[in-house]
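In what follows, a single structure is set out as structure tokens and then discussed.
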There are 2 protein chains.
Amino acid sequence: MIFDGAERPVTSHDVARAAGVSQSAVSRAFTAGASISPVMRDKVRSAAALLGYQPNLLPRMMLHGRSGFIALVVGGAYNPFHAATLEAFSRALQEAGKKILLLQVDDDRALDAVVNDLAGYRVDGVVSALSILGEEAAAAISAHRIPVVLLNSGLSSEWIRVVETDNHGAGRAAARLMARGGGTRFAYVGAPSVASAARKAGFQHELAKIGMAPPLCLEGNLDHDGGYAAARAMLAAPMRPDAIFCVNDLTAIGVADAWRIEGGLDVPRDAQLVGFDNIAASAWPAYRLTTFDQNVDRMAAEAVRLLVSPAPATERSCVGFTLIERHSTAR
Amino acid sequence: MIFDGAERPVTSHDVARAAGVSQSAVSRAFTAGASISPVMRDKVRSAAALLGYQPNLLPRMMLHGRSGFIALVVGGAYNPFHAATLEAFSRALQEAGKKILLLQVDDDRALDAVVNDLAGYRVDGVVSALSILGEEAAAAISAHRIPVVLLNSGLSSEWIRVVETDNHGAGRAAARLMARGGGTRFAYVGAPSVASAARKAGFQHELAKIGMAPPLCLEGNLDHDGGYAAARAMLAAPMRPDAIFCVNDLTAIGVADAWRIEGGLDVPRDAQLVGFDNIAASAWPAYRLTTFDQNVDRMAAEAVRLLVSPAPATERSCVGFTLIERHSTAR
DNA sequence: TTGTATGCGTTATCAC
DNA sequence: GTGATAACGCATACAA
């Protein structure tokens, strides 16, 4: 406090000088399980407290060779489910003692920069739900031997692990549920993604198995207006569906809104409706939507487990869903 | 590739040896604007590419004393607006060349750990919308001389900068708008927060100024069910309000739902309704909610500007709102 | 248990 | 323009 002009951060040497001990003693006083006497540790720590010393963690990373950082790569499409996912994953990683480097990717240019950062910061691993993270990016990351965990991705290569929901099983369950509820004219409202394809396949598979006509399939985006537009198309169709499975809750809510506002129809009276993700809005009194909870906490735990595996490995982990039955399928 | 068992990351020394040059040459080949001949740079870079070398950025941080990290501190309450905020801020910080350390705080215990990390990782600054980041935490961060930017916070101390929306002005605008629309029995649905208090004060101030009776004030949480419960109370009240301003869109949507489902009433016929935040759902056909956009991109830009200021300073920056008029106030 | 000395991978300051 | 060398702040092998 005398020499430095209140500019340079306090170092272990400063503390050592103040306490009249060696720099290594200071290091040991802040290292769990180090061989140091209680009296020495107290002396050092009180001197440290006085100076406002906080160990710099950057050199530690250099020495260990591991940064302790996990990159969380997120991208534009904001959906309430993604927010919940982000929260679950950051919580799980933090509890595992990892620090989270948040990287936002908006286009391919940003992606290149991100891949460089991943290597430059010596991250211990990467977690992403981003579909933009395709073959070439995966290859680039593999080249640096960084474990990657992807969510609901079809990708598969060295150093890539995938955590996925049982999408096919959920599609089958949706078909069974609505058939039991008396549905006869089925429809699927999807979007171009691996997860959507699997949900649709399961839906179609089960319908065929129980002797139902194949569903009417519509494609949209993953957003509310995608569902709304699809519903308008269905309202105009010759055979109006009475059992609709949507790729996610946002589109399902769009369908429900169009059903009521554009068609003057009611869910579930005029059509049963099933969504996916169990977002907060699905429980609102206006919707009471039957949906599938992806158990993001378990997915996050799985991701952490797969991430600590140091060897190159292609592993897939499938997390079961939880069916949340609400009013939209009540008959 | 011969000696190491494919374990140790490639260093600049490895590249130097492979290219037959000095380690400094390698450093220069990867430093923008360094004094190096094109032929040398190409030689080094091709050798680097061959070995898969990526400069380690950690030592650079040690030398500079600045990490280039900005801590983004987020907390439990997930609201679509927070997701949009997070996106805007991470984008702005990334464009400013900062790396984002995402820290999740759930309770006071986690907060202590976070404050330690802030110092340990030598972050260049902290951004947070968290109200949990109170006096004592702020003091702890100030002690490490780390600039902090808070959103819509009333806090004020050394090293703390605040970016806020013109909450008071928005409250006044909401009052004027609904009075012009013919409202006579006003209500405010709030929550315990500094921002809510300012919005309410502006609302009350303007109503008094134009000679209206003071609004009925209800307190809830910031979520859908808070608005729903408040609306049920209003429906049971002797003088049912006909002009309602809500602390945010989620509560406003809750009010709209209760109005329709519990009361069989219509917005805007039976009551005008104004929200805050301009979340995606506010534009859905079922709500078409008049609301205030906080211009998060501008807030994020302001935050970045305040963050780069190295000196201790107490600065406040007020970002104007944009009124989004929709059907819920159409008369 | 404690102090001394060395190394982590890079950038920056010097000579050449 | 290029190479040797000294730092950055800490952890650790080793000597005492």
Side-chain angles (χ1 to χ4, degrees), chain A residues 4 7-45 47-48 51-69 116-117 119-124 144, chain B residues 4 7-45 47-48 51-69 116-117 119-124 144:
Chain A
D4 53 359
E7 286 301 334
R8 194 172 47 77
V10 182
T11 73
S12 59
H13 285 99
D14 299 329
V15 178
R17 209 175 310 126
V21 300
S22 73
Q23 178 269 329
S24 14
V26 178
S27 173
R28 282 191 272 259
F30 285 90
T31 305
S35 141
I36 187 174
S37 71
V39 49
M40 167 69 99
R41 211 194 48 197
D42 289 352
K43 185 166 63 174
V44 170
R45 289 189 98 114
L51 271 63
Y53 169 72
Q54 197 72 29
N56 187 344
L57 301 176
L58 274 29
R60 189 207 300 266
M61 306 186 329
M62 273 185 54
L63 295 185
H64 275 82
R66 301 230 146 278
S67 64
F69 289 135
N116 279 352
D117 284 348
Y121 286 103
R122 299 293 190 259
V123 300
D124 295 351
H144 294 288
Chain B
D4 54 359
E7 287 300 334
R8 193 171 49 76
V10 182
T11 74
S12 59
H13 285 98
D14 299 330
V15 177
R17 210 174 309 126
V21 299
S22 74
Q23 181 270 334
S24 338
V26 179
S27 174
R28 281 191 273 260
F30 285 90
T31 305
S35 140
I36 187 174
S37 71
V39 49
M40 167 70 99
R41 211 195 50 196
D42 289 352
K43 185 166 65 173
V44 170
R45 288 190 97 114
L51 271 62
Y53 169 72
Q54 195 73 27
N56 187 345
L57 301 177
L58 273 29
R60 189 209 303 265
M61 307 187 327
M62 274 186 54
L63 262 354
H64 272 83
R66 301 231 145 277
S67 65
F69 290 135
N116 279 351
D117 284 347
Y121 286 104
R122 299 292 190 261
V123 300
D124 295 350
H144 293 288

Quiz item: Looking at CZ of A:R17 and CG of A:L51, how far apart are the two atoms once the value is rounded to the nearest 0.5 Å?
Solution: 9.5 Å
Quiz item: Base, sugar-phosphate, or nothing for B:T11, non-hydrogen atoms under 4.0 angstrom?
Solution: sugar-phosphate
Quiz item: Which distance, rounded to the nearest 0.5 Å, do you find between the CG of B:L58 and the CE of A:M62?
Solution: 7.5 Å
Quiz item: Once you round it to whole Å, what is the distance between P of C:dG9 and OH of A:Y121?
Solution: 18 Å
Quiz item: Got a sec? Which of residues 33-43 of chain A come in under 4.0 Å of DNA chain C, heavy atoms?
Solution: A:S35, A:I36, A:S37, A:M40
Self-check item: Separation of C:dG9 C1' from A:R66 CZ (nearest whole Å)
Solution: 16 Å
Quiz item: Atom CZ in A:R60, atom CZ in A:F30: separation rounded to 0.5 Å?
Solution: 11.0 Å
Quiz item: How far apart are the closest heavy atoms of A:S67 and A:V123, and which atoms are they?
Solution: OG-CA, 3.6 Å
Self-check item: Atom pair OG1/CD of B:T11 and B:Q23 - distance to nearest 0.5 Å
Solution: 8.0 Å
Practice problem: Starting at atom CZ of B:F30, determine the distance to atom P of C:dA12, rounded to an integer number of angstrom. | Solution: 16 Å
Quiz prompt | Smallest separation among heavy atoms of A:V44 and A:A25, with atom names | solution = CG2-O, 4.4 Å
Quiz item: Is any side-chain N or O of B:S27 closer than 4.0 Å to OP1 or OP2 of C:dT11?
Solution: yes
Quiz prompt | Closest approach of A:G120 to B:N56 (non-hydrogen atoms, all atoms of both residues) | solution = O-OD1, 3.5 Å
Exercise. Mind listing the residues from residues 53-60 of chain B sitting with a heavy atom below 4.0 Å of DNA chain C? Number order is fine.
Key: B:Y53, B:P55, B:N56, B:P59, B:R60
Quiz prompt | Distance, rounded to the nearest Å, where B:L63 contributes CG and C:dT10 contributes P | solution = 11 Å
Quiz item: Can you find a side chain N or O atom of B:S12 that sits less than 4.0 Å from OP1 or OP2 on C:dT10?
Solution: yes
Exercise. For B:M61 and C:dC8, give me the distance from atom CE to atom P, rounded to whole Å.
Key: 18 Å
Quiz item: Out of curiosity, B:R122 CZ to B:H144 NE2, how far, rounded to the nearest 0.5 Å?
Solution: 8.5 Å
Quiz item: How far does CE of A:M40 sit from CZ of A:R45, to the nearest 0.5 angstrom?
Solution: 13.5 Å
Quiz item: Separation of B:H64 atom NE2 from D:dG9 atom P, in whole Å?
Solution: 13 Å
Identify each atom pair where a protein N or O and an N or O of nucleotides 4-6 of chain D are less than 3.5 Å apart, giving names and distance.
{"unit_1": "D:dA4", "atom_1": "N7", "unit_2": "B:S24", "atom_2": "OG", "d": "3.3"}
{"unit_1": "D:dA4", "atom_1": "N6", "unit_2": "B:S24", "atom_2": "OG", "d": "3.3"}

Practice problem: Name the orientation class of the two ring planes belonging to B:Y121 and B:F69 (parallel below 30°, tilted from 30 to 60°, perpendicular beyond 60°). | Solution: perpendicular
Quiz item: Is it true that a side-chain atom of B:D42 and a backbone atom of B:V39 form a donor plus acceptor pair closer than 3.5 Å?
Solution: no
Self-check item: Rounded distance in Å - CE (A:M62) to P (C:dT6)
Solution: 18 Å
